Amino acid sequence: MFVTFLRFAENRTGAPDFMSAHNDWIARGFADGVFFCVGSLQAAAGGAILAHGESRDAYDARIAADPFVVQRVVTAETYEIDPKRTTPVLDFLKSAA
């Protein structure tokens with residue numbers, strides 16, 4: 001499973017110009033069954049993604065294709081987590097990608 005933090009970067013003011021493309025990119029992540037939660041970091045610091053279901057290389061390529069990343073609106077920092085205990089509803093996270 002992956003947790004990615006998208007923190008605002010040097011082109012933060014360009015966010016409105018790329019918001020539509022960024023939202024389309026998010027929609028593809030959900031449609032592909034990879035994204036499970038996307039939200040904003042509090043204090044307007046950027047965003048976060050909870051994802052699962054593809055290899056690290058494929059996931060890194062997906063993140064690199066985010067228009068916000070491409071346009072340096074945000075920088076991405078991804079952590080890979082190997083879940084050991086979950087609630088029953090999240091047991092699927094313990095399976096290999």
Side-chain angles (χ1 to χ4, degrees):
M1 128 178 180
F2 304 104
V3 175
T4 300
F5 295 100
L6 302 172
R7 299 189 190 277
F8 282 119
E10 72 258 19
N11 193 26
R12 175 186 187 144
T13 59
D17 297 332
F18 304 103
M19 185 62 74
S20 178
H22 175 68
N23 285 332
D24 290 346
W25 174 83
I26 290 170
R28 279 193 305 281
F30 279 106
D32 292 345
V34 175
F35 291 174
F36 289 90
C37 178
V38 172
S40 298
L41 294 174
Q42 293 305 302
I49 302 167
L50 174 62
H52 174 75
E54 63 187 359
S55 71
R56 178 65 189 248
D57 288 342
Y59 185 73
D60 286 345
R62 179 183 298 276
I63 294 298
D66 176 0
F68 271 15
V69 172
V70 171
Q71 298 299 326
R72 295 183 310 272
V73 172
V74 298
T75 58
E77 186 176 358
T78 297
Y79 295 89
E80 188 168 359
I81 300 168
D82 181 11
K84 301 298 184 199
R85 293 178 69 183
T86 62
T87 64
V89 72
L90 296 177
D91 277 348
F92 73 95
L93 292 173
K94 293 189 281 187
S95 65

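We're numbering straight along the sequence, starting at 1. Note that the coordinates shown come from a computational prediction; the quantities given were computed from them, not determined experimentally.
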Which residues pass the salt bridge (charged side-chain N to carboxylate O under 4.0 Å, His left out) test with Arg56, sequence neighbours left out? Asp60, Glu80
Could you check Phe2 against Ile81 for side chain to side chain contact (heavy atoms under 4.5 Å, CB included), going step by step and ending with a plain yes or no? CA-CA 6 Å; Phe2 304 104; Ile81 300 168; over 6 Å; no
Applying side-chain hydrogen bond (donor to acceptor under 3.5 Å, both in side chains), name anything that partners Ser40, two or more places apart in sequence or on another chain. none
In terms of ring plane angle, is the pair His52 and Phe92 parallel, tilted or perpendicular, where the classes change at 30° and 60°? perpendicular
Do the side chains of Ile26 and Val70 join up, straight or via other hydrophobic residues, at under 4.5 Å, putting them in one cluster? no
With sequence neighbours excluded, what pairs up with Asp32 under the side-chain hydrogen bond (donor to acceptor under 3.5 Å, both in side chains) test? Arg62
Could I get the full list of salt bridge (charged side-chain N to carboxylate O under 4.0 Å, His left out) partners for Asp17, not counting sequence neighbours? none
Heavy-atom closest contact (Ala51 atom, Tyr59 atom, distance): CB-CE1, 3.4 Å
Closest non-hydrogen atom pair between Gly14 and Val73, with its separation: C-CG2, 4.1 Å
Any chance you could measure Phe68, atom CZ, to Met19, atom CE, to the nearest 0.5 Å? 4.0 Å
Contacts of type side-chain contact (heavy atoms from CB on, under 4.5 Å), residue Ala61, not counting sequence neighbours: none
With sequence neighbours excluded, residues passing side-chain hydrogen bond (donor to acceptor under 3.5 Å, both in side chains) with Arg72: Glu10
Going through the checks in order, is the ring pair (Phe, Tyr, Trp, His ring centres under 6.0 Å) test met by Trp25 and Phe18? CA-CA 11 Å; Trp25 174 83; Phe18 304 103; over 10 Å; no
